[in-house]
**Q** 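Starting off with a structure, shown below.
Residue numbers start from 1 in every chain, and the chains themselves are labelled A, B, ... in the order their sequence lines are given, proteins ahead of strands.
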2 protein chains.
Amino acid sequence: MDEASFLASYNPRDYPSAAVTVDVVALTIREGTLCVLLVERGQAPHLGQNALPGGFVRDETLDEAALRELAEETGLTPGAEQDETLGRVHLEQLRTYGNPDRDPRMRIVSVAYLAFAPHLPEPVAGTDAARAFWVPVDEAKDLAFDHDQILADALERARDKLEYTPLATAFVATAFTIGELRQVYAAVWGEELHAGNFHRKVLSVPGFVESTGETAARGGERGGPKARLYRAGDARLLHPALLRPTREDRIR
Amino acid sequence: MDEASFLASYNPRDYPSAAVTVDVVALTIREGTLCVLLVERGQAPHLGQNALPGGFVRDETLDEAALRELAEETGLTPGAEQDETLGRVHLEQLRTYGNPDRDPRMRIVSVAYLAFAPHLPEPVAGTDAARAFWVPVDEAKDLAFDHDQILADALERARDKLEYTPLATAFVATAFTIGELRQVYAAVWGEELHAGNFHRKVLSVPGFVESTGETAARGGERGGPKARLYRAGDARLLHPALLRPTREDRIR
DNA sequence: TGAGATCTACTCGATGTGAGTACTACTCGA
DNA sequence: TCGAGTAGTACTCACATCGAGTAGATCTCA
């Protein structure tokens, strides 16, 4: 049987199927705190409980589905490189969750995505996004389905990727100060960093940041000189990496 | 509507669905070369072409599906900690591939897994596994569907994980010499390592290996003293990591 | 028995690291 | 307007780790 006649005789109903969804862990930093985008579920199961935004995959790639869901929940439009769009959002696949009992309705296999963005606006009232809101990750608990686990995995991934990729630049504006970049690390890792050493390391990693030649319009909120401005460089991996302070419990 | 009545009225046909499969990239080292397990497809599409082993997910977790597929193709039984079983195989999810056009039959979303194992036997003739075979990764090309891409992603993941996890110990027997461990790194990274420095680093990383007190029964094939034997330690992360020689093209 | 390979333990200089000091420039409130 | 306090940047120092190389002992194979 050749492939054409095979395809003609092929019946998809002969094979087991499941619903495929994407769930998005969208992270941003608001007032120095790492926050995640949640929605309150408007329908059963888990009615009224908080959950990660997500939905069924349509006739599109998984990446497109994740970007679409994110756009719908934030009220921003995907695409162009402008403010008020998702153009600068970094999106990557996290992993897939498919335990048979993770959803009481039916077999649902969910592909989780991780999204990183600079300070995003509050979701706009009166839109589909009205039911979405930003919550500090420490307060995001008791989520629907297995979303607590997904969020935990997402945070672990984000903390790891900060070490060896320029991911932190996805959380700040196109021009930023070293201090702002340090606050991203502090917010995601949940610990303060030595300002002098951080400064030295960031500037010594080839391709991490490059100077704009400009200087911030004003000093820090509570004093200090005007800082120099930088933009993201062309490195995809940081070498040497910015390792977080080693904690024994992460190793064993 | 409460959850019970909701579930009773719920119709899975109302939602889009897709077939969900697992594909397994099983890696082992044979005669110093990193090899991947392939199967020749016995049916359309891509009849006669090589592919990664895989199949539809049944009423089981994704991890269970991957282990089952691997067991079927190798002829080994999952479970117990003995030789000739998959007990020591390291299995982890890689990522999920779901482009709408990746399979000409229908929408198929495939969750790819990565498996690492010590030298596994040739698949047994006369079993389901007879159509499977080991191929050096350099020679695994022109695979069916998007399996070339999946294999490439798998190799990248494996090379990265060797740096900061004790993954290499999954490729050797329970007792091994430092030289054997070094050959694992050499095979996966595709480059020779400085024996003295490797020795020093492995022994200096807490929890990577621990001495058995024994010594290898004989020296190397081509001479040299009997090496001391070690077993895997309890570390889950290597600190400091064993970084591969930096190549500029990996960074930019 | 000799040639050659390997295991293991060194040394050396170069580089990266955390902790701390110092100086300057700025903001804010008294 | 001035002083206190904060932040940006640039140092130093001791220490850890790195790649490269040397060296001696021990083993296999021809």
**Q** Whom does C:dG29 pair with, Watson-Crick or G-U wobble, provided both distances fall under 3.5 Å?
**A**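 Pairing partner, where one exists within any strand: D:dC2.
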**Q** Working to the nearest 0.5 Å, report the span between CD of A:E163 and OH of A:Y185.
**A**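 Interatomic distance, A:E163 CD to A:Y185 OH, rounded to 0.5 Å: 9.0 Å.
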**Q** Reading DNA chain D from 5' onward, which residue's closest nucleotide shows up sooner: B:S204 or A:I178?
**A**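 Closest to the 5' end, via its nearest nucleotide, is A:I178.
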**Q** To the side chain of B:R222, which of C:dT6, D:dA10, C:dT8 is closest?
**A**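 Side chain of B:R222 sits closest to C:dT6.
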**Q** In Å, rounded to the nearest 0.5 Å, how long is the span from CZ of B:R231 to OG1 of B:T174?
**A**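 One gets 9.5 Å once the value is rounded to the nearest 0.5 Å.
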**Q** With a 4.0 Å limit, can you tell me whether B:R200 has a side-chain N or O closer than that to the phosphate oxygens OP1/OP2 of C:dC10?
**A**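 False: B:R200 side-chain N/O out of range (4.0 Å or more) of C:dC10 OP1/OP2.
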**Q** Figure out the NZ/C1' separation between A:K226 and C:dT27, and round it to whole Å.
**A**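 So the two atoms are 11 Å apart, to the nearest Å.
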**Q** Just the rounded figure in Å: distance from P of D:dG8 to CG of A:L181.
**A**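 Rounding to the nearest Å, CG of A:L181 and P of D:dG8 are 12 Å apart.
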**Q** Using whole Å, what does the distance between atom C1' of nucleotide C:dT8 and atom CZ of B:F198 come to?
**A**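 Result: 14 Å.
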**Q** Whole angstroms only, please: what is the NE2-P distance between A:H194 and D:dC13?
**A**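 The distance from NE2 of A:H194 to P of D:dC13 comes to 16 Å, rounded to the nearest Å.
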**Q** Using a heavy-atom cut-off of under 4.0 Å over every strand shown, decide if B:R218 touches base, sugar-phosphate, or nothing.
**A**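 Sugar-phosphate, backbone atoms only, no base.
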**Q** Counting C-beta onward and ignoring hydrogens, is there a side-chain heavy-atom pair between B:R157 and B:E92 closer than 4.5 Å?
**A**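 Contact flag for B:R157/B:E92 side chains = yes.
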**Q** Just so I know, are the side chains of A:V36 and A:L155 near enough to count as touching, which here means a heavy-atom distance under 4.5 Å?
**A**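 Contact flag for A:V36/A:L155 side chains = no.
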**Q** From CD of B:E191 over to P of D:dA20, roughly how many Å is that when rounded to an integer?
**A**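 About 11 Å, once rounded to whole Å.
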**Q** Heavy atoms from C-beta onward define the side chain here; which of C:dC7, C:dG20, D:dG8 lies closest to that of A:R182?
**A**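 Of C:dC7, C:dG20, D:dG8, D:dG8 is nearest to the side chain of A:R182.
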**Q** Check whether any side-chain N or O of B:T28 sits under 3.5 Å from a backbone N or O of B:A117 as a donor-acceptor pair, and report yes or no.
**A**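 Present.
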**Q** Is the distance from OP1 or OP2 of D:dG8 to the nearest side-chain N or O of A:H199 less than 4.0 Å?
**A**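 Checking A:H199 against D:dG8: no side-chain N or O falls below 4.0 Å of OP1 or OP2.
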**Q** Send over the distance from B:L193 CG to D:dA20 P, rounded to a whole Å.
**A**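 The distance from CG of B:L193 to P of D:dA20 comes to 11 Å, rounded to the nearest Å.
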**Q** Quick check with a 6.0 Å cut-off and a 45 degree axis cone: is A:R228 positioned over the face of A:Y230's six-membered ring?
**A**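 Geometry flag: not set, cation outside 6.0 Å or 45°.
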**Q** Could you list by number each residue of residues 227-246 of chain B showing a heavy-atom separation from DNA chain D of less than 4.0 Å, or answer none if no residue does?
**A**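 Going residue by residue through residues 227-246 of chain B, the ones with a heavy atom under 4.0 Å of DNA chain D turn out to be B:A241.
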**Q** Report the residue (A:E221 or A:N197) whose heavy-atom-nearest nucleotide on DNA chain C is the more 5′ of the two.
**A**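 That would be A:N197.
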**Q** Rounded to the nearest 0.5 Å, what's the gap from CZ on A:R182 to OG1 on A:T177? Could you check?
**A**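 A:R182 atom CZ to A:T177 atom OG1 measures 8.5 Å (nearest 0.5 Å).
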**Q** Nearest whole angstrom, please: distance from the P of C:dT8 to the NZ of B:K201.
**A**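 In whole Å, C:dT8 P and B:K201 NZ are 18 Å from each other.
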**Q** How close or far is atom P of C:dT17 from atom CD of A:E163, stated in whole angstroms?
**A**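 Checked: the CD to P distance equals 12 Å.
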